[in-house]
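Treat the numbers as computed from the prediction; the structure is a model and nothing was measured. Letters A, B, ... are given to chains in the order of the sequence lines, protein chains preceding strands, and every chain is numbered from 1.
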Amino acid sequence: MKLKNSYFYTIRENVKDEDSNSGNLLVRAGMVKKSSSGVYMYMPLGLKILQNIQNIIREEMNRTDAQEVLMPSLIPEEVYEASGRRKGFGNSMFSLRDRFNKPFVLGPTHEELFAVAAGMKIRSYKDLPFNIYQFQNKFRDEPRPRFGLIRVREFIMKDAYSFDADEQGLHESYMKMFNAYKASFDRMHIKYTIVKADTGIMGGLLSEEFQALSPIGEDTLVICDNCHYSCNLEIAKCPEKGETQNEAYQQIQAIHTPHVGTIADVADYLQLPHDQFVKTLIYMIDDQPVACLVRGNRDVNEVKLQKLFKATKIELADLATVEKVTNAKVGFAGPVGITIPVIMDNEIRGMRNFIVGANKTDYHFINTNLHDFTPTKIADIRLIQENDVCSECGHPIHFEKGIEIGNTFKLGTKYSKAMNLAYLDQNNQLQDVWMGSYGIGPGRCMAALAEQSYDEKGLIWPLDIAPFKVCIVVININDELQLKTGNSLYDSLNKMGIETILDDRDERAGVKFNDMDLIGIPIRITIGKALADQQVEIKERQSAETVKIPLANCLAYIQQLIG
RNA sequence: CGGGAUGUAGCACAAUUUGGUAGUGCACUUGCUUUGGGAGCAAGGGGUCGCAGGUUCAAAUCCUGUCAUCCCGACCA
């Protein structure tokens, strides 16, 4: 690309409506532009980056013999009714009606249509296995889009779906995809980690997430360096046994705690540490009130609760419900004498003489013990914390923040059952097809790379991702020799298959240097004063050094840098 | 969906409190000078002040409504 007479622009200052470094840099580099909240235009440079990412993924998909297809975005709502997922998506689906008032949605994910597509082929066990995939726009009406390309409402997703005869086959197909994902992200040079995760609305047997490490990541990852246990916070198992207290049992006793409802306030008032309290939270689980007990310094993990109850809806009870079930103002709930089911966290089993709400306004019980109430269930229902130890090996765990760039699911037979996707086995018996689904967000990969690699000058792209690998800055375009040399290098590099920018704009040197730094081109060739000595200067984006080399060696030098 | 804030030129902002000719910096055009890390001087172009009502002799400014964007939270494959 020759910049003179090209659609190329940069912005000197940060823009107001981008909250992340990656978002601001991508906008300033003229790569993307926000169209509306969570919806972006891709400009030439941004599109090239996106395509480079997509090409890597496509190559790795094709290497597994997966085949590319393209599904529509506009889908009759009944397709999601059929699989039972319309409700689960709720208003995070964009929905619309055609001229005959028939309801449609813009697809947020495509298991259903792929099941239909697979049904065109599958009759017998001989038709399995296979894998089909697409790059296609997905629509999700996120309540709060943010962080540039990271949480958006319209985005391209590479989604792949595998179809197998049995669980063993699914496992093999899954591992092929899993390895292709690793290969793809390795080639992109993203720093990432893989964690187990909740299957959520997708359902199924197993979910693993590929998480790009970044402080702005919205997912918390729980990592054990000792045994390599790693999972999303939402499903992280807590240690089976908490600490066991050995002090003598004391007699439960109500005490007056006027106007202090929160753990922090009561702890202050009684001058006792938070971990000597047991917190009672009233949840509505599928619209039934349930009291959940966790230690005072812990939090309830709603995903665990949801799984424990196999519930579809979990939310904290509203204030009126809390007051009704506890017969007290909010802040004084406790397990003793309460009439709704009581779910107690494992950790509380080791506690003695703890403090709970008394179900009476302005009163707490001290010296409460397990014999003072009867939990309905005892289970692991708390969020793990950073000072906890690994449930597998006992080594301390730590947290990381991650951006979910890919997700692989073993779906099992959930969708094939819902969509009547079956095959005849060797014994002429109908069997459900085993499905897997696999997603990558190329736009998120782009944003994650930008978050992981930039400096005060701008973006720094890996060679395989950069929109152009080399830029040639002609310092003085009025110097005919400089301009001619630049053009000649430009032609040669392009002939060598090395995508190159020629900055032949009538700008000052500083403007050109800054623009090329901002957009993050890995290698810069400067043609200026040194040309008088038949030399050009080479500077790599991520290095501070500039090297002078003879013009005659330039192409060979670049070739070697690119490798 | 709750709480908060902001909408003025391509970008970043001032003027709004106290109603009276719409401004500054960057970007853009022209000229001269300059020319290796975002040049200087001069002269210009560009605005239905988010939108719709209302109050007023007069509204960017006051009032009502509405839309959009952003932040915090809730939510989220």
Listed nucleotide nearest any side-chain atom of K16(A), set C76(B), G38(B), A12(B): A12(B)

Separation of atom CG in D299(A) from atom P in A74(B), rounded to whole Å: 11 Å

Cation-pi check, R444(A) onto F155(A) ring (under 6.0 Å, within 45° of axis): no

Counter-base of A12(B), judged by Watson-Crick or G-U geometry with both distances under 3.5 Å: U24(B)

Closest-nucleotide ordering on RNA chain B, the 5'-leading residue of I475(A) and S207(A): I475(A)

Sugar-phosphate only, base, or nothing, as touched by E302(A) at under 4.0 Å among non-hydrogen atoms: sugar-phosphate

Sugar-phosphate, base or nothing in reach of N14(A), heavy atoms under 4.0 Å: sugar-phosphate

Nucleotide nearest V15(A) (side chain, heavy atoms from C-beta), chosen from G38(B), C70(B), A12(B): A12(B)

Paired nucleotide for G31(B) [Watson-Crick or G-U wobble; both distances under 3.5 Å]: C41(B)

Nearest-Å distance for atom pair CD/P, residues E18(A) and C11(B): 13 Å

Under 4.0 angstrom between R146(A) side-chain N/O and C72(B) OP1 or OP2: yes

Partner nucleotide, any strand, of G36(B) [Watson-Crick/G-U, under 3.5 Å]: none

Integer angstrom distance from the P of G31(B) to that of A15(B): 37 Å

Pairing partner of A58(B) (Watson-Crick or G-U wobble, both distances under 3.5 Å): none

Of the listed nucleotides G36(B), A39(B), U69(B), the one nearest the side chain of V511(A): A39(B)

S37(A) side chain, from C-beta outward: closest of G36(B), C70(B), A74(B): C70(B)

Ring geometry between F185(A) and F210(A) (parallel below 30°, tilted from 30 to 60°, perpendicular above 60°): tilted

Presence of donor-acceptor pair under 3.5 Å, side chain of R151(A) and base of C76(B): yes

Touch class at under 4.0 angstrom, heavy-atom based, for F155(A) against every strand present: base

Whole angstrom value for the distance that separates P of C28(B) from CZ of R505(A): 10 Å

Nucleotide forming a Watson-Crick or wobble pair with C1(B), both distances under 3.5 Å: G73(B)

Given RNA chain B, 5'-ward residue of the pair F147(A) and G528(A), judged by closest heavy atom: G528(A)

Side-chain N,O (R508(A)) to OP1/OP2 (G36(B)) below 4.0 Å: no

Side-chain-base donor-acceptor pair under 3.5 Å for R12(A) and G37(B): no

Sugar-phosphate, base or nothing in reach of R153(A), heavy atoms under 4.0 Å: nothing

N/O (side chain, K34(A)) to phosphate O (OP1/OP2, C70(B)) under 4.0 Å: yes

Side-chain heavy-atom pair K176(A), N131(A) within 4.5 angstrom cut-off: no

Quiz item: E13(A) side-chain donor-acceptor pair to G38(B) base, under 3.5 Å: no

Base of G38(B) paired with side chain of E507(A) (donor-acceptor, under 3.5 Å): no

I525(A) vs C554(A) side-chain heavy atoms within contact, under 4.5 Å: yes

G-U wobble or Watson-Crick pairing nucleotide for G47(B) (cut-off 3.5 Å, both distances): none

Nucleotide nearest E537(A) when distance is taken to its side chain, options C75(B), G38(B), G36(B): G36(B)

Aromatic F135(A) / basic K158(A) pairing, under 6.0 angstrom, 45° off normal: no

No-hydrogen, no-angle side-chain donor-acceptor test under 3.5 Å, N137(A) and S73(A): no

Phosphate contact (C72(B) OP1 or OP2) by R144(A) side-chain N/O below 4.0 Å: yes

OP1 or OP2 of A68(B) under 4.0 Å from side-chain N/O of S36(A): no

Close side-chain approach of V69(A) to Y133(A), heavy-atom, < 4.5 Å: no

Sugar-phosphate only, base, or nothing, as touched by N514(A) at under 4.0 Å among non-hydrogen atoms: base

R505(A) and D503(A): CA distance, side-chain angles, deciding distance, salt bridge (charged side-chain N to carboxylate O under 4.0 Å, His left out) verdict: CA-CA 6 Å; R505(A) 294 175 299 169; D503(A) 194 343; 3.0 Å; yes

Donor-acceptor pair present, N476(A) side chain and G36(B) base, under 3.5 Å: no

G23(B) versus A14(B) - spacing of their C1' atoms, nearest Å: 7 Å

Mate of G7(B) where both pairing distances stay under 3.5 Å, Watson-Crick or G-U: C67(B)

Whole angstrom value for the distance that separates P of C1(B) from CG of D318(A): 19 Å

Sugar-phosphate only, base, or nothing, as touched by E218(A) at under 4.0 Å among non-hydrogen atoms: nothing

